[in-house]
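Residue numbers run from 1 in the order of the sequence given. Whatever order the structure lists ligands and atoms in, that order sets their numbers, starting from 1.
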Amino acid sequence: MHETLNAHGDRARPTDGGHGMDIASQRADELDLMAIARIEALVAGALGDRDVLALDVGCGHGGQAARMAKFGAKVLAIDVGDCAEKVAVAMRRQGVGAAAWAFRRMGIEQVGTLGVRADVIVCQRMIHYLRHAHAREALRALRSAAAQRCTLYLSASGMQTELVDGYAGQGARVDERFATLRVDRSLKHGIAQPVCLYREDELAALVRGAGWTVETVFRSAFGNVKLVASLG
Ligand SMILES: C[S@@+](CC[C@H](N)C(=O)[O-])C[C@H]1O[C@@H](n2cnc3c(N)ncnc32)[C@H](O)[C@@H]1O
């Protein structure tokens, strides 16, 4: 029998390059559902004739990208890994046609070069792979890809999770925190890369420092930090 990763019963689905497990292809969490609700509201009329554009940054296997497309957004899925085929599979499973989505292989840092104005940006379980200063730059790059009334749905692995057991970054200030996990945690969660784990106030301060207005911050049952922000 396979070990589950958490109380949700998620299974090991490794992403490229030691960047953790893909969760979005297994279930929609509370933050994903908030993004879907926003898309539904926008599709229902607020934007008139214009398409609703959603970005899924660090999309992994494309589970949330496909859900957002299913609910009527045009979706641009972005990942530094070679995820094109997996995203295509997720789209097919949701019955989404080819005209409704695209995948671009690129790092979050390059998002500003896309020349798009997104109404919804989802970035789940990815930002902790960047050093704190780089994460701030990346979140600024997201601003330059955002429409004026864009909403950002962001999450990071948390300091109040089991990932922190034996984590070398435990005693470090957040702007200096960047370390690998203890071997057993690293193997279980497929996280081979160094990470900057966050407390709720630290992620909120990071996002504010990049020019976003933080609307909501909360923790998942696992202890990861989830956040909603706008350009307020
Ligand atoms: C743990 S997975 C999360 C996948 C999906 N968003 C989810 O919530 O299940 C992290 C993803 O972030 C991607 N990633 C890591 N660093 C990145 C970067 N600098 N820019 C874009 N994607 C990145 C990885 O390739 C991986 O697919």
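The two residues Leu227 and Ala204 come nearest to each other via the heavy atoms CD1-CA, 3.8 Å. Of all heavy-atom pairs between Ala24 and Gln64, the closest is CB-N, 3.8 Å. Across every non-hydrogen atom of Leu5 and Phe222, the tightest pair is O-CE1, 4.2 Å. Contact record, Val57 with Ile108: CG1-CG1, 3.6 Å, taken as the closest heavy-atom pair. The nearest pair of heavy atoms linking Arg117 to Arg50 is O-NH1, 4.4 Å. Nearest approach of Ala65 to Val75, heavy atoms of both residues: O-CG2, 3.6 Å.
For atom 18 (C) of ligand 1, the nearest non-hydrogen atom from the set Arg105, Gln110, Met126 comes from Met126. When Ile78, Val80, Asp10 are ranked by how near their heavy atoms come to atom 17 (C) of ligand 1, first place goes to Val80.
Less than 4.0 angstrom separates some heavy atom of Ile108 from each of these atoms of ligand 1: 18 (C), 19 (N), 20 (N), 21 (C). For ligand 1, the atoms closer than 4.0 angstrom to any heavy atom of Gly58 are 3 (C), 4 (C), 5 (C), 6 (N), 11 (C), 12 (O), 22 (N). Per-residue contacts place His19 under 4.0 angstrom from the following atoms of ligand 1 (heavy atoms of the residue considered): 1 (C), 2 (S), 10 (C), 15 (C), 16 (N), 24 (C), 25 (O), 26 (C). The atoms of ligand 1 that sit less than 4.0 Å from any heavy atom of Met106 are 21 (C). Atoms of ligand 1 lying under 4.0 Å from at least one heavy atom of Ala24, given by number and element, are 7 (C), 8 (O), 9 (O). The ligand atoms of ligand 1 that sit less than 4.0 angstrom from a heavy atom of Gly107 are 20 (N), 21 (C).
Of the protein's non-hydrogen atoms, Arg125 NH1, 2.6 Å is the one closest to atom 8 (O) of ligand 1.
An N or O contact shorter than 3.5 Å links Asp79 to ligand 1 by distance. In terms of polar-atom proximity, defined here as any N/O pair under 3.5 Å, Gln124 does make such a contact with ligand 1. Considering backbone and side-chain atoms alike, Val57 places every N or O at 3.5 Å or more from each N or O of ligand 1.
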>> Walk me through whether Glu162 and His189 qualify under side chain to side chain donor-acceptor pair (under 3.5 Å).
In response: CA-CA 10 Å; Glu162 65 180 33; His189 292 279; 2.7 Å; yes
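The environment of CZ in Arg185 is crowded: more than 12 heavy-atom neighbours from other residues, nucleotides or ligands sit within 6.0 Å. Heavy-atom contacts from other residues, nucleotides or ligands closer than 6.0 Å to CZ of Arg93 number 12 or fewer.
At a 4.0 Å heavy-atom cut-off, ligand 1 touches Glu109 through the side chain alone. By the criterion of a heavy-atom distance under 4.0 Å, the side chain of Thr15, and not its backbone, is placed next to ligand 1. Of all the heavy atoms of Cys59, the ones lying under 4.0 Å from any atom of ligand 1 belong exclusively to the backbone.
Between Arg143 and Trp212, some side-chain heavy-atom pair lies under the 4.5 Å cut-off.
Residue-ligand proximity: Gln193 is placed with every non-hydrogen atom at 4.0 Å or more from ligand 1. Taking 4.0 Å as the cut-off, Gln64 does not count as a neighbour of ligand 1 on heavy-atom distance.
Put simply, NZ on Lys74 and CG on Leu53 are 10.0 Å apart, with the number rounded to the nearest 0.5 Å.
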